[in-house]
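So the structure is just underneath, and the comments pick up after that.
Chain A is the first sequence line, chain B the second, and so forth, proteins listed ahead of strands; every chain is numbered from 1.
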Amino acid sequence: MAWLKVSEALSAGVGTEMTVKGWVRTRRDSKADGGLSFIAVNDGSCFDSIQVVARASLPGYADQIVRLTSGCSIEVDGTLVTSQGKGQAVDLVASTIRVVGWVDDPDTYPIAQKKHSFEFLREQAHLRPRTNTFGAVARLRHCLSVAVHRFFDEKGFYYVHTPIITGSDCEGAGQMFRVSTLDLMKPPTGPDGRVDFSQDFFGRETNLTVSGQLNVETYCTALSRVYTFGPTFRAENSNTPRHLAEFWMIEPEVAFCDLAGDADLAEEFLKALLDTVLSRRMDDMKFFDERIEKGVIDRLRHVIEKPFRRVEYTEAIEILKRSGRAFEFAPEWGSDIQTEHERYLAEEHFKQPVVVMNYPREIKAFYMRSNDDGKTVAAMDVLVPRIGEIIGGSQREERLDVLDRRMEELGLNKEDYWWYRDLRRYGTVPHAGFGLGFERLVQFCSGVANIRDVIPFPRAPKQAAF
RNA sequence: UCCUCGGUAGCUCAAUGGUAGAGCAUCCGGCUGUUAACCGGAGGGCUGCAGGUUCGAGUCCUGCCCGGGGAGCCA
């Protein structure tokens, strides 16, 4: 008898004999027809479970089947029939049920068939994938991951594995996690009394990466179109529903590309991902739409169909000033666009994703390309409803003299960036790229409010269990 | 890190400073081609931790720990 996934079983023809293997979601008993039990079995292959009908005449019915509880693992041999009940099209009428793994004390099984809070399930991260919500999130993550690679592959991008451990502090994007094998209790020190990292594993200070961008730029200036997709670490003490200490980031980098081309790519990319989700994971999307965020499917369709709005930063500030809204932080040219501003632009003013371009240079990173006005840099943020900033990108400064001046202004040590500067010395080329926070994308697609619930094992301040 | 709200049964939550409760879950029984099932019963508590005020603290005060929401930082 063929072993079928539940997703295959549900669409097999009536009369098909099969074996299904999975975990019991619910069991309901009836005394009708001489006694029978209905067992919802889920194997994660799709959102739906299959309803197994177990008659009292089955071997082991009284001492095994009626003792099945949520979480037990079983194998079922049976025949697919048209369901006599209302909730499903087909049933699997069992000829044999083998109990593979019992739940040894059902009273202690945390995933009861009831509503659980996200906060509680976060403390049961090893068992929460057995719930509807986290099963759906897991399949959505997979679907999006595959879509990322497929999109780039079809457009001639190469996937570059940039390092997780970085050999310098020259990334500058906030607090980093140190990587060291030194004895914390008595680290070696130099003559100046400071820790002597030359005796550390790598012979220098090392940290976990905060961005693959600088590294991927090297391959960009050889392979033209590249991207990274890997774990990223920020040691900031951020306590929000949008931040993690460990998250996954997608960073494409394109040679011979300016900011407008960068924004074009970001828009096409986002739309292609959403389109893939709607065409391949409608079962999970329907669940999100019903139970997590009403209207999320329409929201995604809306994003796919309409062109993104593009506004200059300067124009965005004017819009915010003219809005008449009493913002907590008054919008002002030269200041960053606050979260409340982002949400006003994306949710109320434009009611769609908006790309804000050309920010004041003072509030942006050193590697962003200076514009001719002397005041702004070629940076862009893609703002979406609910999430705010989902993509941040820029055209990179490819002119060595301009880059050097900028680094001097910011007090950065040129020696630390010697290989980055080399890219500008040897065949420099205009190029641009962006970073997309993968978990924010999953949030945007699912409507899940807290970023800690769209990654299997969230790492955040005071949170690294599992 | 700042502001704010919270922490009571396995879960979700009640409880004027005066005997700690309900629903769900679990277990037992009943009923039913069931499906958020329904009806009846049972078990289940160091009220986050440590102090303090009081005849008496889940409730008031102080400190700490943890969580939610908002902000900053950002993706």
*Ion pair check, A:Glu397 and A:Arg406, cut-off under 4.0 Å*: no

*Contact class for A:Pro241 vs. all strands (heavy atom < 4.0 Å): base, sugar-phosphate, or nothing?*
sugar-phosphate

_Closest listed nucleotide, where the reference is the side chain of A:Gln338 and the choices are B:rC74, B:rC31, B:rG72_ = B:rG72

*Result of checking A:Val100, A:Val52, A:Ile39 against A:Ile74 for side chain to side chain contact (heavy atoms under 4.5 Å, CB included)*: A:Ile39

_5' priority, RNA chain B, between A:Gln84 and A:Thr26 [closest heavy atom]_ = A:Gln84

_Whole-Å gap separating P (B:rC74) and CZ (A:Phe247)_ = 12 Å

*Find the distance A:Lys462:NZ to B:rG68:P and express it as a whole number of Å.*
13 Å

_Applying a 4.0 Å non-hydrogen cut-off, can you work out what A:Arg242 is touching in the nucleic acid: base, sugar-phosphate, or nothing?_
base

*Taking atom C1' in both B:rG18 and B:rA57, compute the distance separating them and give it to the nearest angstrom.*
10 Å

*With rounding to whole Å, what would you report as the distance between B:rA9 and B:rG21 at their P atoms?*
14 Å

*Just name whichever nucleotide pairs with B:rC24, Watson-Crick or G-U, keeping both distances under 3.5 Å, else none.*
B:rG10

*Ignoring hydrogens and angles, answer whether the base of B:rU34 and the side-chain atoms of A:Asp29 contain a donor-acceptor pair closer than 3.5 Å.*
no

*Can you tell me the distance, in whole Å, between the NE2 atom of A:His341 and the C1' atom of B:rG70?*
15 Å

*Euclidean distance, atom CG of residue A:Asp107 to atom P of B:rG45 [Å, nearest integer]*: 11 Å

_Taking the minimum atom-to-atom distance to the side chain of A:Ala32, which one of B:rG33, B:rU35, B:rC74 wins?_
B:rG33

*Quick one: label A:Ile391 by what it contacts on the DNA or RNA (base, sugar-phosphate, nothing), any heavy atom closer than 4.0 Å.*
sugar-phosphate

_What contact category does A:Asn450 fall into here, base, sugar-phosphate, or nothing, at under 4.0 angstrom with non-hydrogen atoms?_
sugar-phosphate

*Only one of A:Arg310, A:Lys306, A:Arg309 forms a salt bridge (Lys or Arg N to Asp or Glu O under 4.0 Å) with A:Glu267, so which one is it?*
A:Arg310

_Integer angstrom distance from the C1' of B:rC39 to that of B:rG58_ = 34 Å

_Measuring from the side chain of A:Ser117 (C-beta onward, heavy atoms only), which nucleotide among B:rC66, B:rU12, B:rU35 has the closest atom?_
B:rU12

_Pairwise P distance, B:rC64 and B:rA71 [rounded to whole Å]_ = 25 Å

_For B:rC74 and A:Ser238 - does any side-chain N or O of the residue sit under 4.0 Å from the phosphate oxygens OP1/OP2?_
no

*asked:* Between A:Phe366 and A:Tyr417, is the ring centroid distance below 6.0 Å?
replied: yes

_Between A:Glu348 and A:Arg325, does any NZ, NE, NH1 or NH2 come within less than 4.0 Å of an OD or OE carboxylate oxygen?_
yes

*Counting only distance, no hydrogens or angles, is the base of B:rC74 paired donor-acceptor with the side chain of A:His243 under 3.5 Å?*
yes

*Counting side-chain heavy atoms from C-beta on, which of B:rU35, B:rU1, B:rG33 comes nearest to A:Val53?*
B:rG33

_Measure CD/A:Gln88 against P/B:rU35 and give the value in whole Å, please._
11 Å

*Quantified in whole Å, what is the P atom distance between nucleotide B:rG67 and nucleotide B:rU19?*
34 Å

*Within the modelled atom types, does a donor on one side and an acceptor on the other bring the side chain of A:Glu236 and the base of B:rU1 under 3.5 Å apart?*
no

*Name the nucleic acid region contacted by A:Glu340, choosing base, sugar-phosphate or nothing; use a 4.0 angstrom heavy-atom cut-off, strictly under.*
nothing

*What's the closest nucleotide to the A:Leu244 side chain, out of B:rU1, B:rA71, B:rA75?*
B:rA75

*Have a look at A:Ile390 and say if it touches a base, only the backbone sugar-phosphate, or nothing, with a 4.0 Å heavy-atom cut-off.*
sugar-phosphate

*Classify the side chain of A:Arg440 and the base of B:rC74 as holding, or not holding, a donor-acceptor pair under 3.5 Å.*
yes

*Atom CD of A:Glu119 and atom P of B:rC66: how far apart are they, to the nearest Å?*
16 Å

_At 4.0 Å (heavy atoms only), tell me whether A:Thr69 reaches a base, stays on the sugar-phosphate, or touches nothing._
sugar-phosphate

*Opposite nucleotide pairing with B:rC2, Watson-Crick or G-U, both atom distances under 3.5 Å*: B:rG70

*Taking atom C1' in both B:rU16 and B:rG56, compute the distance separating them and give it to the nearest angstrom.*
15 Å

*Check every strand shown and say whether A:Gly85 touches a base, only sugar-phosphate, or nothing at a heavy-atom separation below 4.0 Å.*
base

*Looking only at atom C1', what distance separates B:rA75 and B:rA14, rounded to whole Å?*
41 Å

_is_close_aromatic(A:His161, A:Tyr159), centroid dist under 6.0 Å_ = yes

_Given B:rG68, B:rA71, B:rC11, the nucleotide with the shortest approach to the side chain of A:Arg452_ = B:rG68

*In the structure shown, which nucleotide is the Watson-Crick or G-U wobble counterpart of B:rC64, with both distances under 3.5 Å?*
B:rG48

*In plain terms, say whether A:Asp258 and A:Arg396 are close enough for a salt bridge, that is, a side-chain N and a carboxylate O under 4.0 Å apart.*
no

*When the ring centroid of A:Phe329 is compared with that of A:His341, is the distance short of 6.0 Å?*
no

*Ring centroids of A:Phe438 and B:rA75 base under 5.5 Å with planes under 30°*: no

*Report the distance from atom CZ of A:Arg55 to atom P of B:rU34, rounded to the nearest whole Å.*
13 Å

*Please determine, for B:rA15, whether a Watson-Crick or G-U wobble partner exists with both distances under 3.5 Å, and give it or none.*
none

*What's the closest nucleotide to the A:Glu342 side chain, out of B:rG67, B:rC74, B:rU35?*
B:rC74

*Should B:rC38 form a Watson-Crick or G-U wobble pair with both distances under 3.5 Å, which nucleotide is its partner?*
B:rG30

*Expressed as a whole number of Å, how far does the C1' atom of B:rG7 sit from that of B:rA15?*
16 Å

*Using a cut-off of 4.0 Å on non-hydrogen atoms, how would the nucleic acid contact of A:Phe120 be classed: base, sugar-phosphate, or nothing?*
sugar-phosphate

_For atom CZ of A:Arg122 and atom P of B:rG7, their distance in whole Å_ = 18 Å

*Quick one: do A:Arg122 and A:Asp453 make a salt bridge, cutoff under 4.0 Å?*
yes

*Let me know, please, whether A:Gln463 or A:Asp336 comes out on the 5' side of the other along RNA chain B by nearest nucleotide.*
A:Gln463

